Amino acid sequence: MRKILVTSALPYANGSIHLGHLVEYIQTDIWCRYQRMIANEIHYVCADDTHGTPVMLMAEKENITPEKLVELVHKEHSQDFNDFNVSFDNFYSTNSIENKELSESIYKKLANNNKIEKKEIEQFYDTEKEMFLPDRYIKGECPKCGAIDQYGDSCEECGSTYNPTDLIKAYSVISGTPPVKKKTEHYFFKLSECSDFLEEWTRSGTLQLEASNKLKEWFEAGLSDWDISRDAPYFGFEIPNAPGKFFYVWLDAPIGYMASFKKLADKKNLSFSEYWEEGSQTELIHFIGKDILYFHALFWPATLSFSGFRTPSKIYAHGFLTVNGEKMSKSRGTFVTARSYLDTIKNPDYLRYYYFSKLNDSMEDIDLNLEDFIVKVNSDLVGKFINIPSRTSGFIKKYFNNIIISTEEISIQDSKQIIDDLISIKEEVISLYEARLFSKLNRLLMSYTERVNEYVNRLEPWILAKNDAEHTSMSMLHQVCSTALQSFRVLSIYYSPVMPDLTSKIAEFYGESNYQSIEAIHKNIKNISDYKHLLTRLDKVSVDSMLRKNSI
RNA sequence: GGUGAUGUAGCUCAGUUGGUUAGAGCGCAGCAUUCAUAAUGCUGAGGUCGAGAGUUCAAGUCUCUCCAUCACCA
């Protein structure tokens, strides 16, 4: 049995969860649920990422403390994840005592290992607001093309890059006043000394090929030291023995994975060190978006390694979500929050299925085409999948008192073959889940779904039913419908990590509780309940109203 | 600007190490069927595989150039 600690990236605590976030949580959740089904010990943790300037400023704007803001957002996020059936074992916060202690202790270990250095740097300062300004809080005119309201690092109009000092008529986004340069002392993590370790680590099979290609570029450019401190005022953890200096949010964010697990371990009596000590035999797997590869594949393993902890076993990066082929956009209404999806479309399994049908192990972006979404849900799930019990269970009820023939007792050659094949693809299903080749797996499962429908068409139970002799137990009619229903059950078990709500209703239909093990495919089922519609069609009206809700 | 990726039927995507007439699902057309929420099955139309050049007996698959889209640049 493998012991695996899995994480999804921490959502930032200044906004709502949206469909883009959900790609990752759904991908990770499906993978975790699959691991549970094959009886591995798995712990899935996450947390809100709470620190930094944006949260601080937002709280100020809303006239509440950052702690209060973070608490409110945490409540909202937890509810969203819960309603999308994201099965975290712990969803915590980086603003926690565990995280504070771990961050401090890791920092001290890095300092003891001579990996921390103080340097004086110059930064922009807002004299009215009395705070140092991160680059993205400085705007001005592009020095190359003169476009107004461009950020301090690059121009969105002409694409040129430059330093904030190059901006014309620079101003602070917070107060509007022109920023001035001011000296300040910062703490740096000496990442430049970690190149050898990191080059080796990134080549040790922990990354996807695309990701390590990407990293090669950074190594070639040479690694610079990493500024891990920020000046007050800042919402975060104060650096030990450095009054007025705080840990940069990206230092304590990944440590939040540890902290969340620490909390879980305390609660469930698990061994924290078994999972985190150097040389740990357990697996540590991070699911992330490709945008934060830098932090997870460079800073994070270096931080861990030079503070005496184990490093991640795998980093699984995925691409971004586009909607209707374009970047999510508030004005087009495609910046869809998790909540508005739930309010209008209701069923999380639709989205889970759609993402499942498109995800694979690469860093490519995936597109949520809303028309395709409607059509795919309706034809795959309602038209083909749910159609199987819908078209056969009536006969079982009417003529056989809801009793179906168990798999072993089915004797027609055709029928036997279908079920045997379905059982025999178990290993293939497992390996596709394991490799995160979800779209490929879906094609496999859908091809079986089609095969069952084809089979029913060919054997024509509705014709058989006209003959009274068929109304006795073990008749052809009984066999055909039983085959369809037994096959459907196996398919449902395979699909259960994807659609937990739907498949738990299906389990009920067979008089079972939720499918917790893939071995359930071998169980002998003899009874069904009366069939009730398991799924309704998705209509364009609800998708449209979802878009309207998100339009501004 | 630099770097990494992507570009295959109307839509969403498969296409192992280059090898016979390029595939699937949906959509569309026709037929069959009526058990099923007009669901299902069969048949068919539809692609010069972003453009151009090259390597090769043979390229969607390798090389180069260009175009378009996306991301990253700490």
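Keep in mind that this is a model prediction, so the values were computed, not measured. The sequence lines fix the lettering, A, B, ..., with proteins before strands; numbering per chain opens at 1.
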Without decimals, in angstroms, what is the distance between [X] [atom1] and [N] [atom2]?
X	N	atom1	atom2	value
Leu437(A)	rA14(B)	CG	C1'	12 Å
Leu485(A)	rC35(B)	CG	P	17 Å
Asp367(A)	rU8(B)	CG	P	13 Å
Glu460(A)	rU40(B)	CD	P	17 Å
Leu298(A)	rC73(B)	CG	P	12 Å
Asp372(A)	rG10(B)	CG	C1'	12 Å
Asp365(A)	rG7(B)	CG	C1'	13 Å
Glu364(A)	rU69(B)	CD	C1'	13 Å

Given [options], which nucleotide is nearest the side-chain atoms of [X]?
X	options	answer
Asn387(A)	rU12(B), rU40(B), rA71(B)	rU40(B)
Phe395(A)	rU12(B), rC35(B), rG25(B)	rC35(B)
Lys358(A)	rA71(B), rC35(B), rC13(B)	rC13(B)
Asp291(A)	rC72(B), rA36(B), rC70(B)	rC72(B)
Arg443(A)	rA14(B), rC26(B), rC72(B)	rA14(B)
Trp462(A)	rC35(B), rG25(B), rA36(B)	rC35(B)

Any strand is fair game: report the nucleotide pairing with [N] by Watson-Crick or G-U wobble, both distances under 3.5 Å, or none.
N	result
rC62(B)	rG54(B)
rU33(B)	none
rA14(B)	none
rA9(B)	none
rG46(B)	none
rU20(B)	none
rC72(B)	rG2(B)
rA38(B)	none

key: Parallel, tilted or perpendicular: ring planes of Tyr531(A) versus His533(A), cut at 30 and 60 degrees   = perpendicular
ask   = Relative to each other, are the rings of Tyr234(A) and Phe246(A) parallel, tilted or perpendicular (30° and 60° limits)?
value = tilted
Whole-Å [atom1] distance, [N] and [M]:
N	M	atom1	result
rG7(B)	rA51(B)	C1'	11 Å
rA59(B)	rU20(B)	C1'	14 Å
rG46(B)	rU8(B)	C1'	14 Å
rU33(B)	rA5(B)	C1'	48 Å
rA38(B)	rG27(B)	P	15 Å
rC67(B)	rC11(B)	C1'	24 Å
rC26(B)	rU65(B)	P	41 Å
rG19(B)	rG15(B)	C1'	14 Å

Does [atom1] in [X] sit with more than 12 non-hydrogen atoms of other residues, nucleotides or ligands closer than 6.0 Å?
X	atom1	result
Lys384(A)	NZ	yes
Lys190(A)	NZ	yes
Glu185(A)	CD	yes
Glu200(A)	CD	no

Contacts under 3.5 Å, N or O only, protein and nucleotides 41-45 of chain B:
| residue | atom | partner | partner atom | Å |
| --- | --- | --- | --- | --- |
| rG41(B) | O4' | Asn457(A) | ND2 | 2.6 |

remark   = Heavy-atom nearest nucleotide on RNA chain B taken for Phe299(A) and for Val382(A); more 5' hit belongs to Val382(A)
message = Quick check on RNA chain B: between Phe295(A) and Phe320(A), whose nearest nucleotide comes earlier from the 5' end?
response = Phe320(A)
query = Is the NZ or CZ atom of Lys358(A) positioned over Phe438(A)'s six-membered ring, under 6.0 angstrom from the centre and within 45° of the axis?
reply = no
inquiry  = Going by the rule side chain to side chain contact (heavy atoms under 4.5 Å, CB included), which residues pair with Val382(A) if we only count those two or more places apart in sequence or in a different chain?
reply    = Asn378(A), Leu535(A), Arg537(A)
Heavy-atom pair with the smallest gap, counting every atom of Phe309(A) and Ile106(A) = CE1-CG1, 3.6 Å
